[in-house]
Amino acid sequence: MMTDKKPKNIFTQGAIAATFIADSIQKHSSNKSIGAHSIFLGQVRADVLNDKLVTAIEYTAFTEMVLPIMHTIREAIFAKYNLTCMHIYHSLGKVNSGEICLFVFTSSAHRAMAIDACEEVVERIKKELPIWGKELFENEAYQWKENK
Amino acid sequence: MMTDKKPKNIFTQGAIAATFIADSIQKHSSNKSIGAHSIFLGQVRADVLNDKLVTAIEYTAFTEMVLPIMHTIREAIFAKYNLTCMHIYHSLGKVNSGEICLFVFTSSAHRAMAIDACEEVVERIKKELPIWGKELFENEAYQWKENK
Amino acid sequence: MSIQILSFGSITDITGSSYFTMPMVADTSLLIAALKEKFPALADKKFILAVNAVTVTENTILKTGNIIALLPPFSGG
Amino acid sequence: MSIQILSFGSITDITGSSYFTMPMVADTSLLIAALKEKFPALADKKFILAVNAVTVTENTILKTGNIIALLPPFSGG
């Protein structure tokens, strides 16, 4: 079990590239005790809200509060699930529709741990982290996102 | 909802490359109704069995039986979950330890559907598809894999 | 004496700025009342307070140097 | 008359080949008995039968041209 004692940064400026995800997967090939990876990706939808098309979401966060909370979540997840590792990346700033804004990656020897941990982390990220999305429309207008 | 009427091939010769996974993710950026992707990856573990190290798994399948069963599973999953799309790849032949042998990829507007569908598909693949893994050791020896 | 306020997300649309100060008051209940007087639109908003980056759910005594954050419902991910 | 047999996974270690023929018999129960006589090690193996690529769980009448597959527990993924 690998777990860090100091809060890790989870933020990345702008969208998360598919090539970054590939590199992250590739790096795990050297850990031969891993049998299962579970990955969740959040992608910005081009929703139509009141006849206006969402072209991007601009993310802001209270970083000084996010990182200690994320650290607590990480410790709780490692205590609860038998994971080999866990990686979390969330965008800040503008992410266009169709691009990736959240990347959660859990690995374990057997599938149940990785799958259950990944799902729980995604739920906790959405519920507990002080991060806000501003949905930007084609014409300068915007609307603050609300999580379901 | 996209669903095919003829059985799709799911087999790929040898390991599934991280770059292939990246390409697959990237292709979905054009579908702007997607809000969530759930991905499961199976990776070959270098288990030690009776003091011998597993260096690879060699997969064989009763292909003519796998594809219709997979088609039935696919139809059931699309009927049960509101998915945008689903992609499944399973290795045939030799996959070295540390390499990827299974790639399940589900996408939907909201996270619950993609996550639940992905998990169910993985369980059904392991339980219902006539595929066999032969664990190869360093010295010519082998052992037939058994799913937990 | 004044107290530093950070506002986030949709709250900044009401406060006009993400950082400003308010006159020091004894506790968070009094601060919320003062904020709602200064920014009447806050009365209709759902938000919670954090004192020094930790959420408070009950009325909390304010101390010199405390930084208060106004947090509308989170919408990350 | 003979019936075509496919074997998979660990069953091929017992049958020695992934494809062979057996003399035609009336149903799958009789076929299993004949297979266990020819390959005694099959008696200790867990396996199911598929007739023309469809699993059968009950005794099934065999017809000319049927292809029978011997399937040990699956271990894909």
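Each chain gets a letter, A, B and so on, in the order its sequence line appears, and its residues count up from 1. The model shown is predicted, which means the values in this text are computed figures rather than measured ones.
Interface check for chain A: of the options B:Ser24, B:Ala36, B:Ala112, the most heavy-atom pairs under 4.5 Å are formed by B:Ala36. The greatest number of non-hydrogen atom pairs below 4.5 Å with chain B, out of A:Ala22, A:Gly35, A:Cys118, is found for A:Gly35. With chain A as partner, the option from B:Glu119, B:Gln43, B:Lys126, B:Lys32 having the largest number of non-hydrogen pairs under 4.5 angstrom is B:Gln43. Interface check for chain A: of the options B:Ile39, B:Asn96, B:Val44, the most heavy-atom pairs under 4.5 Å are formed by B:Ile39. The most heavy-atom pairs under 4.5 Å with chain B, out of A:His37, A:Glu99, A:Gln26, come from A:His37. Heavy-atom pairs under 4.5 Å with chain A were tallied for B:Ala109, B:Gly42, B:Ala114; the largest tally goes to B:Ala109.
Taking the six-membered ring where the residue is Trp, the centroids of B:Phe20 and B:Tyr89 are separated by under 6.0 Å.
The aromatic rings of B:His90 and B:Phe11 lie perpendicular to each other, with more than 60° between the two planes, well past the 30° mark.
A 4.5 Å side-chain heavy-atom check between B:Leu49 and B:Val54 finds at least one atom pair inside the cut-off.
Of all heavy-atom pairs spanning B:Ile10 and B:Leu67, the tightest one is N-CD2, 3.9 Å.
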### Task
Kindly determine whether B:Ile125 and B:Ile88 satisfy side chain to side chain contact (heavy atoms under 4.5 Å, CB included), including the steps that lead there.
CA-CA 10 Å; B:Ile125 284 172; B:Ile88 293 160; 3.7 Å; yes

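Proximity to chain A involves both the backbone and the side chain of B:Ser97, based on heavy atoms less than 4.5 angstrom apart. Both the backbone and the side chain of B:Ile34 come within contact range of chain A, each with at least one heavy atom under 4.5 Å from a heavy atom of that chain. A:Ala17 does not touch chain B: none of its heavy atoms, backbone or side chain, sits under 4.5 Å away. In this structure, no portion of A:Leu102 lies under 4.5 Å from any heavy atom of chain B. For a residue to count as touching a neighbouring chain, one of its non-hydrogen atoms must lie under 4.5 Å from one of that chain's; by this rule A:Ser38 touches chain B with backbone and side chain alike. Contact of A:Ile21 with chain B is made through the side chain alone, with heavy-atom distances under 4.5 Å.
Of the charged side-chain nitrogens involved, at least one lies within less than 4.0 Å of a carboxylate oxygen, so that A:Arg111 and B:Glu123 count as a salt-bridged pair.
A donor atom on one side chain and an acceptor atom on the other are found under 3.5 Å apart for A:Tyr81 and A:Glu120.
B:Glu64 is linked by a side-chain contact (heavy atoms from CB on, under 4.5 Å) to B:Phe62, counting only residues two or more places apart in sequence or in another chain.
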